[in-house]
Number of protein chains: 4
Amino acid sequence: MIPSSPSQMRDWMYDPLFTTPEMAEVFSGPGLVRQMLRFEWALALALERNQVIPEGVAAAVHTIAEVDLDLEKIARKAVDAGNLAIPFVSSLTSRVAEQSASLAEYVHYGATSQDVLDTAMVLQAREGLTFLQHDLGEICNTLVPLISNHRSTMLPGRTWLQQGPPVTLGLKLAGWLDALQRHRDRLQEVRARCIVLQFGGAVGTLAALGDSGPAVSRDIARIIELPEPSMPWHTHRDRVVELASTLGMIAGTLGKIARDVSLLMQTEIREAFEPAGEGRGGSSTMPHKRNPVLCSIMLAAAMRAPGLVATMLSSMVQEHERGLGGWQAEWESLPELFRLTAGSVHSARQLISDIVIDADMMRGHLDTNGKIALSEAVSFALAAKVGKRNAHSLLEQITHTAMERKVSLREALIDSPGIREQLSIEEVDEALDAQKYLGSSEIYIANVLAKEEQG
Amino acid sequence: MIPSSPSQMRDWMYDPLFTTPEMAEVFSGPGLVRQMLRFEWALALALERNQVIPEGVAAAVHTIAEVDLDLEKIARKAVDAGNLAIPFVSSLTSRVAEQSASLAEYVHYGATSQDVLDTAMVLQAREGLTFLQHDLGEICNTLVPLISNHRSTMLPGRTWLQQGPPVTLGLKLAGWLDALQRHRDRLQEVRARCIVLQFGGAVGTLAALGDSGPAVSRDIARIIELPEPSMPWHTHRDRVVELASTLGMIAGTLGKIARDVSLLMQTEIREAFEPAGEGRGGSSTMPHKRNPVLCSIMLAAAMRAPGLVATMLSSMVQEHERGLGGWQAEWESLPELFRLTAGSVHSARQLISDIVIDADMMRGHLDTNGKIALSEAVSFALAAKVGKRNAHSLLEQITHTAMERKVSLREALIDSPGIREQLSIEEVDEALDAQKYLGSSEIYIANVLAKEEQG
Amino acid sequence: MIPSSPSQMRDWMYDPLFTTPEMAEVFSGPGLVRQMLRFEWALALALERNQVIPEGVAAAVHTIAEVDLDLEKIARKAVDAGNLAIPFVSSLTSRVAEQSASLAEYVHYGATSQDVLDTAMVLQAREGLTFLQHDLGEICNTLVPLISNHRSTMLPGRTWLQQGPPVTLGLKLAGWLDALQRHRDRLQEVRARCIVLQFGGAVGTLAALGDSGPAVSRDIARIIELPEPSMPWHTHRDRVVELASTLGMIAGTLGKIARDVSLLMQTEIREAFEPAGEGRGGSSTMPHKRNPVLCSIMLAAAMRAPGLVATMLSSMVQEHERGLGGWQAEWESLPELFRLTAGSVHSARQLISDIVIDADMMRGHLDTNGKIALSEAVSFALAAKVGKRNAHSLLEQITHTAMERKVSLREALIDSPGIREQLSIEEVDEALDAQKYLGSSEIYIANVLAKEEQG
Amino acid sequence: MIPSSPSQMRDWMYDPLFTTPEMAEVFSGPGLVRQMLRFEWALALALERNQVIPEGVAAAVHTIAEVDLDLEKIARKAVDAGNLAIPFVSSLTSRVAEQSASLAEYVHYGATSQDVLDTAMVLQAREGLTFLQHDLGEICNTLVPLISNHRSTMLPGRTWLQQGPPVTLGLKLAGWLDALQRHRDRLQEVRARCIVLQFGGAVGTLAALGDSGPAVSRDIARIIELPEPSMPWHTHRDRVVELASTLGMIAGTLGKIARDVSLLMQTEIREAFEPAGEGRGGSSTMPHKRNPVLCSIMLAAAMRAPGLVATMLSSMVQEHERGLGGWQAEWESLPELFRLTAGSVHSARQLISDIVIDADMMRGHLDTNGKIALSEAVSFALAAKVGKRNAHSLLEQITHTAMERKVSLREALIDSPGIREQLSIEEVDEALDAQKYLGSSEIYIANVLAKEEQG
């Protein structure tokens with residue numbers, strides 16, 4: 001039963017659930033090797049342009065695709081080598097040697113294993129960021145009309161899982177959009193700062209290239225369109241960690257959204273629902289079930305990302321010119337973060353595109369417990385006359401009595417001499433009108449939408 | 001380029017590096033499904049024995065192996081279902097229906113998705129623990145003679161990365177063994193407490209089975225040889241978290257061993273080496289390199305395990321009878337911990353089996369800096385005459401002078417009137433004899449070996 | 001504004017919220033120093049008994065209490081020394097010297113800083129465990145009658161935050177007790193394995209004590225009633241990490257309980273409540289609020305513990321005979337875990353002692369959505385006649401129709417020809433009787449209570 | 001022994017070691033309350049300016065300092081309230097009432113607890129960032145001349161803890177500076193995005209202020225010089241998490257620096273040392289010890305930060321308008337990160353200011369093992385003639401032979417016919433000249449210094 005090849009060693013059965021095919025492809029074995037080939041080709045081309053190696057190497061490398069290499073064998077050989085680059089270079093060199101033994105002498109010339117592995121990872125991350133930025137953009141695009149449509153859909157605000165004064169669904173959604181806008185800003189910054197070339201040779205001096213190092217480095221950077229950093233960064237990993245923590249924050253925001261939706265979707269609340277679909281969210285034993293499946297993906301990603309970010313942070317303590325253990329700990333951790341974040345973003349996009357809103361249920365819950373949650377509104381109406389402390393204290397007493405006696409807040413208010421001395425029944429009713437107690441909600445929504453328009 | 005099937009979505013290229021084929025198989029897709037089939041078979045058999053379902057279902061299920069199911073399709077369908085069990089049961093039912101439509105009606109009768117998924121995970125964990133326990137046993141077996149052989153191999157003790165008084169290599173290795181013995185005890189306890197059946201139906205009451213629930217549960221437990229818990233534990237996850245944290249601790253101890261070996265293997269120290277081998281630990285650009293490859297695996301595992309354990313702990317907050325997000329966060333995290341720990345244990349076994357010791361280098365380093373690290377020995381020889389504080393203070397002064405003047409401790413001592421008033425040259429030399437300053441090392445070694453003998 | 005003394009440097013304002021005074025005291029500065037004094041006293045006494053040092057030192061140390069030492073100064077001096085033990089020993093030695101300069105020469109004789117710091121931490125942990133074990137015992141004691149009283153209090157089972165078939169409150173509480181029983185077992189095991197003496201001298205050989213090491217060690221262990229380990233464990237930290245992860249698991253279980261209660265306490269559900277009290281759970285602006293304050297403490301602890309456990313695990317990679325960075329990272333992390341866990345256990349004890357149950361609301365929610373959550377019961381009643389798949393499929397259709405049409409499940413069932421062909425109205429009503437759909441709940445409760453009685 | 005007051009509950013003894021007095025003060029109890037007072041004053045002033053409350057409240061609040069409030073009592077009362085704001089407001093109101101009962105009615109008018117707690121935390125963070133930015137600036141300033149001075153100080157590059165080709169100390173230090181420059185950029189960005197006002201009232205609508213909400217909010221923002229966000233962010237915590245992860249990355253880089261220095265400071269290497277000082281880095285038992293104390297602080301911070309960042313990330317999943325558990329988990333976690341990072345930055349500043357370099361030892365280690373680490377240089381000299389593969393393969397053979405036979409690389413090269421056919425002795429010596437094998441080191445240094453000059 002022992003797997004005869006590395007490609008059978010991994011449990012891939014959860015992948016469709018937790019990631020997207022596109023992101024999985026970017027961070028697949030072939031996806032990694034494709035970027036490694038791209039680095040080796042750019043390296044050869046840059047070396048040729050600077051007359052460090054004879055012409056023809058780049059062209060030879062260019063003919064070789066990841067499918068031409070025995071990835072299973074490379075994976076197996078990595079056990080002895082301690083990294084994928086050594087058997088990869090060896091395999092690539094053999095394929096080039098089939099074309100020309102002399103050109104094969106110049107494959108991977110002057111580079112170190114970490115140059116090709118780090119740059120390939122950066123190229124994967126660049127593609128991964130593009131997917132994420134696109135999908136987040138789509139979610140934002142979807143949110144804009146949804147917010148507009150629900151500017152006046154009222155539901156209870158909820159704090160500490162208890163009802164408070166009303167909010168609008170538009171405001172709630174604007175809060176989501178506001179956070180996503182910040183993430184989009186972060187992704188732009190992190191892309192600018194962190195998506196850079198790695199090229200330093202054995203100890204980060206490019207000594208093997210003599211005086212040609214800077215020119216070769218500049219040319220590689222141009223060829224694969226990556227900015228050059230001030231210097232190699234083999235053991236300074238803040239760039240990859242910044243990538244990781246940005247992904248972690250996105251997963252966190254989406255986890256918050258999923259928590260909100262799944263709470264709204266509780267059987268006893270039923271204010272919002274994940275989009276339904278054939279076979280979606282069923283149970284193997286309970287026929288009536290409609291489980292919040294998309295939310296479960298987003299919540300799971302939000303729970304798994306922090307541990308992965310912590311691993312990336314812990315791994316920053318890398319020794320001298322190239323580290324031991326820390327670098328290796330990144331190899332699967334950063335890809336896993338990209339995969340999970342992509343899965344969460346993808347689920348969020350589905351969720352937000354087709355979320356089902358029950359505005360009647362939302363409106364109805366404003367009356368739960370006899371509008372008790374509007375106590376603040378009455379308190380402030382009263383505070384204008386007797387001061388905030390007195391008002392708060394009186395309302396505490398009235399609301400607790402109302403809850404014990406199970407009567408509506410209105411009834412309890414009208415029964416209270418302390419209230420009736422200060423407020424008329426009309427004023428009480430005015431205070432209990434949720435519509436009139438939405439404060440600055442509209443202005444906040446406008447702020448967020450305006451930022452989206454400026455884009 | 002987008003993968004056409006789930007099995008192409010995962011990067012498996014690092015698997016040979018970070019895990020073992022055996023553990024990978026246990027936690028592979030087919031490995032999981034095999035255990036799920038085992039649960040469904042045992043469930044059917046137990047139901048039959050209790051006359052809940054007609055005879056024949058278990059036999060029909062028994063004919064079906066994981067290769068008979070379309071795992072790719074199950075993986076894809078899990079996206080809608082939110083878990084693997086629903087499409088798995090559906091697929092299994094179809095295969096049984098090919099034999100008998102009427103028997104197919106009774107597949108997965110009375111169980112919930114989490115029953116089959118949790119029990120399958122427990123069965124995987126049981127196999128995984130067996131591998132780990134075996135390999136740890138082998139490491140311990142290997143350490144026993146190694147410790148005996150190096151009972152008198154001396155090297156500098158090192159604290160805060162600075163040399164201190166001597167230890168023996170035997171003592172250092174006994175420290176490793178001592179820790180591994182505790183881990184073996186923990187694995188036994190965790191196996192007894194945590195490897196138990198999960199079977200509770202929709203909400204953990206087995207209501208669908210009426211009065212037959214307890215008998216069916218007991219029979220399943222017997223059939224698959226798993227103890228029955230006091231009650232179902234769908235949302236009480238301390239058992240799986242205890243498994244996870246035990247694995248994390250093992251990875252931590254092996255990380256400590258790898259740190260020790262990699263420090264001993266530094267170019268400037270060269271006291272111990274990983275076993276050499278064709279192609280092992282080379283560099284893509286530095287011909288002389290012999291990198292500590294096994295240590296890098298063990299260190300990387302020790303850096304990755306804490307984040308995964310933290311995820312498992314975070315996921316304990318699961319709602320009501322079955323949780324949302326927390327359970328899902330476990331699905332890939334616990335397997336990953338098993339995989340990484342197996343890889344680390346496997347590397348440790350190789351490392352310890354064939355570690356190369358340079359006893360001369362070890363012995364030689366006791367003389368580094370003119371035996372300065374033996375200052376404590378002299379200090380205590382002196383303390384017997386002038387008190388500890390006076391002795392410590394005088395030795396501080398002498399050692400700092402010796403280091404500044406770059407003379408040996410012996411020379412500095414003999415030059416010191418404060419010393420010469422109290423100690424003869426013979427007494428100084430006696431104090432500087434590392435062999436005589438090993439204290440209780442032998443006794444500790446004996447303690448640890450005795451425990452190993454008792455097993 | 002800069003604090004003139006270390007004791008002003010720390011924000012203690014959240015301590016009453018997140019921990020208990022008792023546990024805070026154990027892990028306070030004076031609490032730590034008290035245990036350090038205890039170690040030094042036991043060390044001196046053991047050395048005297050073995051004639052290594054003159055009589056009188058232990059008696060002199062014994063006269064000194066933590067209040068006799070200038071803790072502020074010790075804290076400040078630790079900055080240069082790198083640990084608290086060095087200025088502590090220096091301060092202690094000065095106080096002993098006031099009694100006798102010659103006896104002062106023998107304070108801390110033969111021990112290293114880590115011996116006193118680790119043993120003191122173990123002694124603190126022993127006290128801490130005693131508090132936790134006591135409080136967990138009290139919670140279990142409180143749960144027993146609560147479970148008995150609520151054996152037949154029915155409420156909806158909830159999975160994925162959706163209603164499912166009924167459970168009893170007794171069963172839900174039995175699940176809590178079952179998990180706490182396992183934690184109590186773990187605490188006993190961890191106490192037996194991890195609460196041991198640390199005494200090894202500079203590099204773990206006790207070389208400074210010559211042949212007397214083992215006898216002195218044995219005597220210290222007897223005096224402070226700590227088992228002796230096989231050998232010193234300065235850089236093998238699995239014991240303290242096992243302590244940490246056990247605390248983390250307890251915090252996790254209590255977080256799960258808090259999640260359950262806070263969900264039951266939602267305004268829309270109101271099935272259970274934290275005990276009320278003057279000023280408890282109020283809002284600064286919403287008079288009606290009754291916030292789940294105890295739950296917030298327990299949830300916060302469950303969110304903070306995983307990161308601290310991860311830190312402890314990461315810190316296991318300690319170098320050679322005494323480590324650099326890892327040991328230091330433990331100093332505040334393990335105490336923080338004890339503090340947080342104590343706060344959570346304390347909150348749980350209050351919560352469970354005085355939890356307010358609204359059995360009517362619980363019972364009432366079984367009828368939510370027209371008893372839709374009992375679909376499984378009908379499905380199994382039907383399955384006996386038409387097979388499980390057919391039944392499940394028909395019920396899926398009926399329940400979805402019922403939800404869309406907003407009619408009760410009973411009505412939809414009676415309207416369904418497929419149902420009426422197989423089930424009489426009496427049979428439908430029987431299936432919809434929650435009381436008759438509790439399965440093995442009683443048996444599970446009995447199992448858990450029986451285990452508690454055996455205790 | 002139980003502490004009679006909250007201020008005695010906390011172990012502060014490690015604070016001088018792990019943080020700075022300045023940062024401790026910012027995040028102390030009084031420091032927090034001072035910022036809370038500042039918010040309440042600004043709120044009152046803004047309300048007055050907008051005629052929401054009568055004049056005089058702000059002036060009355062302004063007269064009250066944190067020392068005027070009973071912080072111990074506030075801390076104790078927080079246990080019932082669930083947060084500090086409620087007893088704080090109550091205490092503040094009482095003090096204002098002593099001046100004027102009628103004005104006291106308007107304290108904290110329209111705000112919610114989280115408004116004052118979050119804004120106070122933001123104000124603390126602003127001060128904390130200022131300290132960190134200043135100290136990082138000073139470190140950078142110190143590094144510039146150090147780099148210049150060591151542009152040609154050569155030492156072995158080290159990869160995987162093995163020697164490789166030479167680098168210069170200037171280059172190594174430039175790598176540190178390069179990373180710190182990025183952190184300074186990040187701090188600027190995070191300050192701009194995350195240091196903003198929190199003001200939304202009960203559910204983030206400012207409903208209690210009617211139409212005045214936006215104007216009051218704008219005025220508060222002006223008064224305390226904090227930008228206004230688009231909308232309140234009570235449950236969108238990405239801002240505080242971004243702060244946390246930026247601190248975590250800084251701690252990570254400093255951990256890397258500490259790892260480098262502590263490795264260089266090993267007894268067997270002795271290339272660099274922490275600044276010495278009276279009582280610094282001593283041992284309680286080993287007189288010669290000079291422990292890397294500053295490094296231990298920096299490493300411990302790097303080990304503790306990841307767990308705290310993970311906690312902050314996990315806490316992002318906050319419910320609806322104000323969360324339960326997640327917000328509370330932040331209260332001590334973010335301050336702890338500021339404290340630890342400040343301690344690490346402070347230690348780094350001391351370390352880098354007065355680091356002791358032994359350039360002779362560095363230079364000398366280039367000759368370790370007979371210059372074996374220069375194998376790459378020879379390999380590339382040879383590659384120009386026989387191709388890279390052939391050269392690499394020959395050099396592998398020669399270096400392994402040299403190491404086994406314990407002869408110098410030069411000797412082994414000269415003994416090798418394969419070498420002598422291609423390279424003259426002069427060419428061999430040229431290749432073995434470390435000075436000529438520094439590649440682009442100078443250019444990288446210039447890049448980093450140029451960026452520093454531009455600021």
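Below, chains carry the letters A, B, ... as their sequence lines are ordered, and counting in each starts from 1. Everything quoted here is computed from the prediction, not taken from an experiment.
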What distance separates A/Asp360 CG from A/Met362 CE, expressed to the nearest 0.5 Å? 10.5 Å
Checking C/Met403 against chain A: side chain, backbone, both or neither under 4.5 Å from a heavy atom? side chain
Filtered by a 4.5 Å non-hydrogen cutoff, the part of residues 375-394 of chain C contacting chain A is C/Ser375, C/Glu376, C/Ser379, C/Phe380, C/Lys388, C/His392
What distance do A/Met298 atom CE and A/Asp260 atom CG have between them, rounded to the nearest 0.5 Å? 10.0 Å
Segment of C/Ser262 engaging chain A (4.5 angstrom heavy-atom cut-off): both
Minimum heavy-atom distance A/Val309-A/Ala244, with the two atoms named: CG2-O, 3.5 Å
Working to the nearest 0.5 angstrom, can you tell me the gap between A/Arg270 CZ and C/Thr368 OG1? 7.0 Å
Could you tell me the separation between the CG atom of C/Asp367 and the CG atom of C/Leu409, rounded to the nearest 0.5 Å? 11.5 Å
CG of C/Leu432 to CG of C/Leu413: how many Å apart, nearest 0.5 Å? 6.0 Å
Max heavy-atom pairs within cutoff under 4.5 Å with chain A, candidates C/Ile398, C/Leu263, C/Ile372, goes to C/Ile372
Check whether C/Ala373 gets within reach of chain A through its side chain, its backbone, both or neither, counting any heavy atom under 4.5 Å. both
Are there residues of residues 287-297 of chain C whose heavy atoms fall under 4.5 Å of chain A's heavy atoms? If so, which? C/Pro287, C/His288, C/Lys289, C/Arg290, C/Asn291, C/Pro292, C/Val293, C/Ser296
Between A/Asp358 and C/Lys406 (salt bridge meaning N to carboxylate O under 4.0 Å), is one present in this structure? yes
So which of C/Glu396, C/Gln162, C/Met286 has the largest heavy-atom pair count under 4.5 angstrom toward chain A? C/Gln162
So what's closer than 4.5 Å to chain A heavy atoms on C/Thr399: side chain, backbone, both or neither? side chain
For A/Tyr437, which residues count as a ring-ring contact (aromatic ring centres under 6.0 Å, His included) partner, sequence neighbours excluded? none
I would like to know whether C/His320 and C/Thr235 meet side-chain contact (heavy atoms from CB on, under 4.5 Å); could you show each step before the answer? CA-CA 7 Å; C/His320 291 315; C/Thr235 47; over 6 Å; no
Donor on one side chain, acceptor on other, C/His365 and C/Glu271, under 3.5 Å: yes
Side chain, backbone, both or neither: which part of A/Ile269 has a heavy atom under 4.5 Å from chain C? side chain
For residues A/Glu268 and C/Gln266, is any side-chain donor paired with an opposing acceptor at under 3.5 Å? no
Checking heavy atoms, do the side chain of A/Thr159, its backbone, both or neither come under 4.5 Å from chain C? both
Partner set under side-chain hydrogen bond (donor to acceptor under 3.5 Å, both in side chains) for C/Glu274, not counting sequence neighbours: none
The reported gap from CD in A/Gln163 to NZ in A/Lys371 (rounded to nearest 0.5 angstrom) is 12.0 Å
